[in-house]
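The residues of the chain are indexed from 1 along the displayed sequence.
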Amino acid sequence: MKDATYYIMSEFYRLLNGVISVPVYNSQVDADNTEVAYVVIMPSFDTLGSTKNSFHGNYYINVDISNLVADNAQSWELVNSISNEVLSILCPNPALKALSDSSGFAVIGCRNIRGTMLPILRTDTDLIMRKILEFEIFISNK
């Protein structure tokens, strides 16, 4: 059995980075980031199983969308727009899978199972608007 977490996160990054309208980071935001809106890809958890002939797993990946806005400019518009960009790339329609198979893994499917708007965080001068998209990816080991 092989752990597919790194492979899936790499695929998410490959599909989103440079394609959506904001920077994409793997696991953490770069210390020198000056952007007010960005996406962070984070592993959540996995459930692994097997049959007599194969190993398989359900992997859960979070896409964290953040937007820093002025205190008087509260709006979910950009966060929801970025969310739509991400969803249209990772889940273009139920019959298609955006993730590519690799030499070690076969992607069976990928679906968005949850979108959660987080409570607005307040700094001294700004508001932080966040939405988490949770994806379930079905993987079979080759």
Side-chain angles (χ1 to χ4, degrees), residues 1-51 54-142:
M1 176 176 279
K2 297 177 255 181
D3 184 353
T5 304
Y6 177 77
Y7 156 71
I8 296 167
M9 289 183 59
S10 297
E11 276 294 286
F12 271 45
Y13 185 82
R14 179 186 67 80
L15 290 165
L16 298 175
N17 188 46
V19 178
I20 64 173
S21 60
V22 297
V24 177
Y25 298 100
N26 234 338
S27 297
Q28 67 179 1
V29 178
D30 290 344
D32 61 350
N33 176 55
T34 58
E35 299 292 329
V36 296
Y38 52 86
V39 166
V40 179
I41 302 165
M42 295 286 301
S44 183
F45 67 96
D46 56 59
T47 56
L48 305 175
S50 64
T51 65
S54 69
F55 292 111
H56 58 272
N58 294 2
Y59 292 82
Y60 299 85
I61 302 291
N62 290 334
V63 174
D64 185 343
I65 303 163
S66 296
N67 183 30
L68 182 70
V69 298
D71 193 17
N72 61 352
Q74 178 179 335
S75 171
W76 289 101
E77 186 175 344
L78 181 59
V79 169
N80 285 322
S81 174
I82 297 166
S83 173
N84 287 333
E85 287 181 71
V86 169
L87 289 169
S88 70
I89 292 168
L90 297 179
C91 299
N93 73 54
L96 288 176
K97 58 180 185 178
L99 280 71
S100 300
D101 291 347
S102 76
S103 60
F105 305 104
V107 178
I108 309 302
C110 175
R111 67 186 182 125
N112 174 241
I113 58 171
R114 184 175 300 117
T116 305
M117 306 285 251
L118 297 180
I120 298 169
L121 300 175
R122 182 178 300 279
T123 68
D124 290 339
T125 58
D126 299 307
L127 301 173
I128 302 171
M129 321 287 285
R130 291 178 60 211
K131 182 175 185 176
I132 308 285
L133 298 176
E134 187 174 4
F135 292 88
E136 180 179 39
I137 302 92
F138 309 99
I139 297 284
S140 176
N141 283 225
K142 288 185 178 179

Nearest 0.5 angstrom please: [X] [atom1] to [Y] [atom2], how far?
X	Y	atom1	atom2	result
Phe135	Cys91	CZ	SG	5.0 Å
Thr125	Leu68	OG1	CG	7.0 Å
Arg114	Leu133	CZ	CG	11.5 Å
Glu35	Ser66	CD	OG	12.5 Å
Asn67	Ile128	CG	CD1	10.0 Å

| remark: Minimal heavy-atom distance between Met9 and Ile61, with the atoms involved, is CG-CD1, 3.9 Å
Is there side-chain contact between [X] and [Y], with heavy atoms separated by less than 4.5 Å?
X	Y	result
Phe12	Ile137	yes
Asp64	Val39	no
Arg130	Ile65	no
Asp126	Val69	no
Ile41	Asn62	no

| field | side-chain hydrogen bond (donor to acceptor under 3.5 Å, both in side chains) partners of Glu136, counting only residues at least two apart | value | Asn58, Tyr60, Arg111
| note | The side-chain hydrogen bond (donor to acceptor under 3.5 Å, both in side chains) partners of Asn80 (sequence neighbours excluded) come to Lys131
| Below 6.0 angstrom between ring centroids: does that apply to Phe45 and Tyr59? | no
Looking only at atom types and distance, does a side-chain atom of [X] sit under 3.5 Å from a main-chain N or O of [Y], one as donor and one as acceptor?
X	Y	value
Ser10	Tyr6	yes
Asn112	Glu134	yes
Asp3	Thr5	yes

Can you give each donor-acceptor pair under 3.5 Å made by side-chain atoms of residues 18-27, sequence neighbours left out, with the distance rounded to 0.1 Å?
from  : atom 1 : to    : atom 2 : distance (Å)
Ser21 : OG     : Glu85 : OE2    : 2.7
Tyr25 : OH     : Asn33 : OD1    : 2.9

| message | side-chain contact (heavy atoms from CB on, under 4.5 Å), that's the test. Do Ile139 and Val107 meet it? Break it down for me. | response | CA-CA 5 Å; Ile139 297 284; Val107 178; 3.9 Å; yes
